[in-house]
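This is the structure I want to talk about, given as structure tokens.
Only this structure's heavy atoms are used, side chains among them; waters, hydrogens and symmetry mates stay out. Each residue takes its place number in the sequence, starting with 1.
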Amino acid sequence: MRLYAFITQHIELILEAFEDFARTVETPMPDLDAAGLRNHAEAMLRTVALDMASSQTARQQFEKSRGMQATSSVETAAQAHAVTRLSAGFTLDQVVAEYRALRASVLRLWFAQQRADEPHAIDDMVRFNEAIDQALSESITSYGIAVETTRKLVLGVLGHDLRTPMTAALLGAEMLSREGQL
């Protein structure tokens with residue numbers, strides 16, 4: 001069976017394995033429910049399967065393997081997943097570990113039903129790994145942008161909050177110095 005067909009036909013089994021792994025991740029935030037643990041995994045898997053099922057020229061495969069694929073202006077499930085995980089307290093390492101577990105789960109389950117000597121097996125694995133790597137790259141980039149946005153916001157708020165008492169102290173000192181009472 002082709003890997004993209006396996007993903008589509010066995011998506012619930014794959015999602016269960018993904019959820020089981022995600023449940024083991026320790027975060028400072030409260031535990032997520034099943035929907036929170038699976039939140040974007042199904043959409044990511046369907047995107048991977050669709051990508052694998054589509055035809056691809058040698059040039060397109062080369063560009064994809066080098067990360068030179070055109071980016072979309074629409075937020076992907078992988079991008080949304082990273083931001084959601086950040087707000088749930090996941091570290092970047094934990095998000096990457098989810099992708100590693102997802103990749104391993106899919107391949108392990110597929111190999112249990114697949115003959116390794118079938119002619120499409122290697123090509124399917126290459127296409128699958130490229131699609132997962134693309135999703136992982138989107139997640140890492142999105143996670144980094146969200147962290148940087150948060151950092152800038154915190155620094156802006158902190159700067160504003162510190163300026164207010166400093167301004168009051170400076171104005172008070174200036175008034176006292178004008179009156180010669182210092």
(message) Do Ile14 and Leu102 make a side-chain contact, defined as non-hydrogen atoms from C-beta onward lying under 4.5 Å apart?
(response) yes
(message) Checking Glu130 against Gln134 for the side-chain hydrogen bond (donor to acceptor under 3.5 Å, both in side chains) test, could you report, in this order, the C-alpha distance in whole Å, the side-chain angles of both residues, the deciding distance, and whether it holds?
(response) CA-CA 6 Å; Glu130 287 173 349; Gln134 176 67 32; over 6 Å; no
(message) In terms of relative ring orientation, are His81 and Tyr99 parallel, tilted or perpendicular, with 30° and 60° separating the classes?
(response)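 Perpendicular: the ring planes of His81 and Tyr99 meet at over 60°.
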(request) Report the C-alpha separation of Val74 and Gln79 in whole Å, then their side-chain angles, then the decisive distance to 0.1 Å, and conclude whether the side-chain contact (heavy atoms from CB on, under 4.5 Å) test is met. (result) CA-CA 10 Å; Val74 177; Gln79 291 167 328; over 6 Å; no
(message) Testing the basics here: between Val95 and Phe90, what is the closest heavy-atom pair and its distance to 0.1 Å?
(response) CG2-CB, 4.1 Å
(request) Measure across Gln94 and Gly89 and return the closest heavy-atom pair with its distance rounded to 0.1 Å. (result)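 Minimum heavy-atom separation between Gln94 and Gly89: OE1-O, 4.0 Å.
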(message) Does any part of the side chain of Thr84, heavy atoms only, come nearer than 4.5 Å to the side chain of His40, both counted from C-beta?
(response)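 His40 vs Thr84: side chains touch.
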(message) Using 0.5 Å steps for rounding, measure from the CD1 atom of Ile11 to the CG atom of Leu45.
(response)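 Reported to 0.5 Å precision, the distance equals 5.0 Å.
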(message) Rounded at 0.5 Å granularity, tell me how far OG1 in Thr150 sits from CG in Leu155.
(response) 11.0 Å
(request) Might you point out which heavy atoms bring Val96 and Leu136 nearest each other, and give the distance in Å? (result) CG2-CD1, 3.9 Å
(message) Could you tell me if the side chain of Arg100 sits less than 4.5 Å from the side chain of Phe21, heavy atoms only?
(response)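 No, too far: nothing below the 4.5 Å cut-off.
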(request) Side-chain contact test, heavy atoms from C-beta onward, threshold under 4.5 Å: evaluate it for Leu13 versus Leu109 and give yes or no. (result)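 Yes. Closest side-chain heavy atoms under 4.5 Å.
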(message) Using every non-hydrogen atom in the two residues, find where Ile7 and Met52 come nearest and quote the distance to one decimal.
(response)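 In terms of heavy atoms, the two residues are closest at CD1-SD, 4.3 Å.
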(message) Same cluster or not: Met125 versus Phe128, using hydrophobic residues (I, L, V, M, F, W, Y) connected whenever any side-chain heavy atoms lie under 4.5 Å apart?
(response) yes
(request) Salt-bridge test for Arg103 and Asp133: reply yes if a basic N is under 4.0 Å from a carboxylate O, no otherwise. (result) yes
(message) According to a hydrophobic-cluster definition based on side-chain heavy atoms being under 4.5 Å apart (Ile, Leu, Val, Met, Phe, Trp, Tyr only), do Leu15 and Leu50 belong together?
(response) no
(message) Can you confirm whether Asp124 sits close enough to Trp110 that some side-chain heavy atom of one is under 4.5 Å from a side-chain heavy atom of the other?
(response)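 A side-chain contact exists here, since the closest heavy-atom pair is under 4.5 Å.
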(request) Indicate the atoms forming the closest heavy-atom contact of Tyr4 with Ala53, along with that distance. (result)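 It is CD1-CB, 3.7 Å.
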(message) Can you confirm whether Arg38 sits close enough to Glu16 that some side-chain heavy atom of one is under 4.5 Å from a side-chain heavy atom of the other?
(response)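 Yes; the side chains approach each other to less than 4.5 Å.
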(request) Evaluate the side-chain proximity of Leu3 to Leu107: yes if any heavy-atom separation is below 4.5 Å, no if none is. (result) yes
(request) First locate atom CD of Glu138, then atom CE of Met44, and finally report the distance between them rounded to the nearest 0.5 Å. (result) 10.0 Å
(request) Please check if the side chain of Ser139 supplies one atom and the backbone of Ala78 the other of a donor-acceptor pair under 3.5 Å. (result) yes
(message) For Asp51 versus Ser54, what's the shortest heavy-atom pair and its separation?
(response)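 That closest heavy-atom pairing would be O-OG, 2.7 Å.
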(message) I need the Thr47 OG1 to Glu42 CD distance, nearest 0.5 Å.
(response)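 Those atoms lie 10.5 Å apart.
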(message) Please report the interatomic distance NZ(Lys152) to OG1(Thr149), rounded to the nearest 0.5 Å.
(response) 7.0 Å
